Amino acid sequence: MLVLLRTTLGRLRAVGFLEGISFLVLLGIAMPLKYLAGEPAAVRIVGMAHGVLFVLYLLLVLQASLEHSWSWRKALLALVVSVVPFGTFWADKKLFRA
């Protein structure tokens, strides 16, 4: 795992994985707890973690796109899929494997 974090692309893949997990937890667990069980605390905690990971993901996409001379379409696709459930997992498999 530490080898993965040595490169920009590796860090992007790791953060993308964590961001994808946090998005699924937010949508699948925290939000139902808030709206169906009246427990908003989960959204505050998971939402903050997801927000930080989302911003970090966006910054790493920009850094990787500059470092690896990605086309603007590839960079834009990597950004767009971050707002789709399971999108970062798809991006890891199709876009980020070097």
Side-chain angles (χ1 to χ4, degrees):
M1 180 65 161
L2 292 176
V3 174
L4 186 67
L5 299 178
R6 290 185 184 162
T7 66
T8 301
L9 204 53
R11 286 188 294 275
L12 174 59
R13 291 181 63 212
V15 169
F17 176 78
L18 294 173
E19 194 271 339
I21 294 292
S22 72
F23 192 32
L24 294 176
V25 169
L26 182 63
L27 292 176
I29 298 173
M31 289 185 72
L33 280 174
K34 178 179 180 177
Y35 293 110
L36 299 177
E39 295 292 333
V43 170
R44 283 195 299 267
I45 295 166
V46 176
M48 177 59 80
H50 172 68
V52 169
L53 288 166
F54 180 75
V55 170
L56 190 55
Y57 176 84
L58 295 180
L59 292 172
L60 284 167
V61 165
L62 293 175
Q63 183 180 11
S65 68
L66 293 172
E67 198 173 286
H68 294 280
S69 301
W70 289 352
S71 69
W72 66 270
R73 287 181 182 192
K74 182 175 180 176
L76 183 62
L77 183 58
L79 294 173
V80 168
V81 298
S82 67
V83 297
V84 176
F86 299 100
T88 56
F89 305 118
W90 178 87
D92 179 55
K93 188 142 186 102
K94 300 292 183 179
L95 299 176
F96 304 152
R97 298 286 169 109

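All values derive from a computational prediction rather than experimental measurement.
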- Item | Value rounded to 0.5 Å, distance of NE2 in His68 from OG1 in Thr7 | 6.5 Å
- Query: Of all heavy-atom pairs between His50 and Ser22, which one has the smallest distance, and what is that distance?
  - Reply: ND1-OG, 2.9 Å
- Query: If you take all heavy atoms of Leu18 and Leu53, which pair is closest and at what distance?
  - Reply: O-CD1, 3.8 Å
- Item | Interatomic distance, Glu67 atom CD to Leu62 atom CG [nearest 0.5 angstrom] | 12.5 Å
- Message: Ignoring hydrogens, what is the shortest heavy-atom contact between Tyr57 and Gly16? Give both atom names and the distance.
- Response: CD1-CA, 3.7 Å
- Query: Would you say Leu76 and Leu58 are hydrophobically clustered, going by side-chain heavy atoms of ILVMFWY under 4.5 Å?
  - Reply: no
- Message: Phe89: which residues meet the ring pair (Phe, Tyr, Trp, His ring centres under 6.0 Å) condition with it, sequence neighbours left out?
- Response: Phe17
- Message: With clusters defined by side-chain heavy atoms of hydrophobic residues (ILVMFWY) lying less than 4.5 Å apart, directly or transitively, does Val55 cluster with Phe23?
- Response: no
- Looking at OG of Ser69 and NZ of Lys74, how far apart are the two atoms once the value is rounded to the nearest 0.5 Å? 10.5 Å
- Task: Search all heavy atoms of Ala75 against all heavy atoms of Trp70 and return the closest pair with its distance.
- Result: CA-CE3, 4.2 Å
- Roughly how far, to the nearest 0.5 Å, is CG of Leu60 from OG of Ser65? 10.5 Å
N/O donor to acceptor pairs below 3.5 angstrom from side-chain atoms of residues 24-42, sequence neighbours left out:
none

- Message: Show the nearest heavy-atom pair for residues Leu5 and Ala14, with the distance to one decimal.
- Response: CD2-CB, 3.8 Å
- Message: Applying side-chain contact (heavy atoms from CB on, under 4.5 Å), can you list everything that pairs with Leu77, at least two apart in sequence or on another chain?
- Response: Val81, Trp90, Leu95
- Stepwise, does the side-chain contact (heavy atoms from CB on, under 4.5 Å) test hold for Phe54 with Val83? CA-CA 9 Å; Phe54 180 75; Val83 297; 4.1 Å; yes
